[in-house]
Amino acid sequence: MSVIALRAGAWAATVVPGAGGAIASLRRGSAPVLRETPDDAVLSGDVRRMACYAMLPYANRIADAAFEFGGRRWQLRRNFGDHPHSLHGVGWQRAWQVEAASPTRVRLALRHAGDADWPFPFRAVQEIALEDGLSIRIALTNTDAVAAPAGFGFHPFFPRAPASRADFNAARGWRNGPDMLPARGDLAPVYAVGVDNDFEGWDGIVRIGDTVLRADPVFRWLRLFAPEDRPFIAAEPVTHAANAINRSDTGMTVLAPGETLAGEMRIGIA
């Protein structure tokens with residue numbers, strides 16, 4: 001699997017366009033800022049073991065891989081083994097094309113024609129750059145002749161030591177039901193090991209040790225995923241809640257033909 005190396009000062013990153021346009025590593029000096037991807041995962045393009053990938057044109061789960069839009073019901077192909085819900089959109093499971101590259105930045109593009117995984121055509125661009133930290137900007141354009149739902153997010157994995165925690169401000173958290181979909185907005189907005197929840201009214205900042213993630217206001221929600229048996233914290237800036245397309249109170253953006261939704265995430269050291 002082809003890898004692009006970026007470097008700027010003490011910062012270094014590797015990007016794997018053919019594996020969801022994912023980031024395989026981000027380091028500052030000798031210290032990993034995101035979790036390291038094993039060599040065999042890079043070679044095989046196993047995006048689920050990468051350091052960070054984009055989720056689009058929706059983030060997290062769609063219940064039973066189905067939704068209603070434009071006066072009809074759409075059934076998606078389930079894309080996560082025997083999991084009943086579809087997950088993270090299509091961008092993480094497709095090869096991205098390199099449109100431009102330099103020692104410090106790369107621009108990747110994905111053109112989706114519409115298929116059983118997502119029926120609405122779109123074009124997406126990722127601008128990945130190193131300067132004093134990492135920045136990733138997504139621009140998602142509706143290339144269909146009709147309006148289409150749209151959203152996106154990032155899924156960065158931060159190394160977790162025993163004392164690690166994620167500090168953030170949000171209005172409230174959504175408690176999951178037994179189907180792992182948000183059910184009640186009565187969860188305290190605090191970090192805890194074992195969390196896998198959406199947080200509403202997020203101010204766009206997460207601190208994990210001396211690492212700081214900042215996201216544009218378009219990312220109105222934060223998803224935290226910190227399983228007890230895994231050495232990482234996934235702090236995911238997203239434009240909408242899980243299963244938003246089936247929920248009137250947390251709905252996705254609707255883009256007119258030719259309209260674009262865009263936003264940027266930055267990861268640096270405090």
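Ring to ring, Phe232 and Phe225 are close: their centroids are under 6.0 angstrom apart.
Residues Trp174 and Leu187 have side chains not in contact (no heavy-atom distance under 4.5 Å, counting atoms from C-beta outward). Residues Phe122 and Asn142 form no side-chain contact, since every pair of their non-hydrogen atoms from C-beta on lies 4.5 Å or further apart. Side-chain atoms of Pro227 and Asp196, non-hydrogen and from C-beta on, never get closer than 4.5 Å to each other. The shortest side-chain heavy-atom distance between Phe67 and Leu76 falls under the 4.5 Å cut-off.
To the nearest 0.5 Å, atoms CZ (Arg48) and OG1 (Thr37) are separated by 13.5 Å. The CZ atom of Phe152 lies 6.5 Å from the CG atom of Leu140; values are rounded to the nearest 0.5 Å. Within the model, atoms CZ of Phe154 and CD1 of Ile136 stand 5.0 Å from one another, a figure rounded to the nearest 0.5 Å.
A salt bridge does not link Arg105 with Glu131: every distance from a Lys NZ or Arg NE/NH1/NH2 to an Asp or Glu carboxylate oxygen is 4.0 Å or more. In summary, Asp179 and Arg61 do not engage in a salt bridge, as defined by a charged side-chain N under 4.0 Å from a carboxylate O. For Asp115 and Arg94, the salt-bridge test passes: some basic side-chain N is under 4.0 Å from an acidic carboxylate O. Salt-bridge annotation for Arg172 and Asp186: absent, with no side-chain N of the basic residue lying under 4.0 Å from a carboxylate O of the acidic one. Contact check on Glu200 versus Arg184 returns no salt bridge, with no Lys/Arg side-chain nitrogen under 4.0 Å from an Asp/Glu carboxylate oxygen. Arg49 and Asp40 are joined by a salt bridge, as a carboxylate oxygen and a charged side-chain nitrogen come within less than 4.0 angstrom of each other.
Using a distance-only test at 3.5 Å, with no hydrogens or angles considered, a donor-acceptor pair links the side chain of Asp216 to the main chain of Glu264.
The closest side-chain donor-acceptor pair between Trp74 and Glu68, if any, does not fall under 3.5 angstrom. Between the side chains of Thr239 and Tyr58, no donor-acceptor pair of N or O atoms lies under 3.5 Å.
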Identify all side-chain donor-acceptor contacts of residues 10-22 below 3.5 Å with residues at least two apart in sequence or on another chain.
| from | atom 1 | to | atom 2 | distance (Å) |
| --- | --- | --- | --- | --- |
| Thr14 | OG1 | Ser25 | N | 3.2 |
| Thr14 | OG1 | Ser25 | OG | 2.6 |

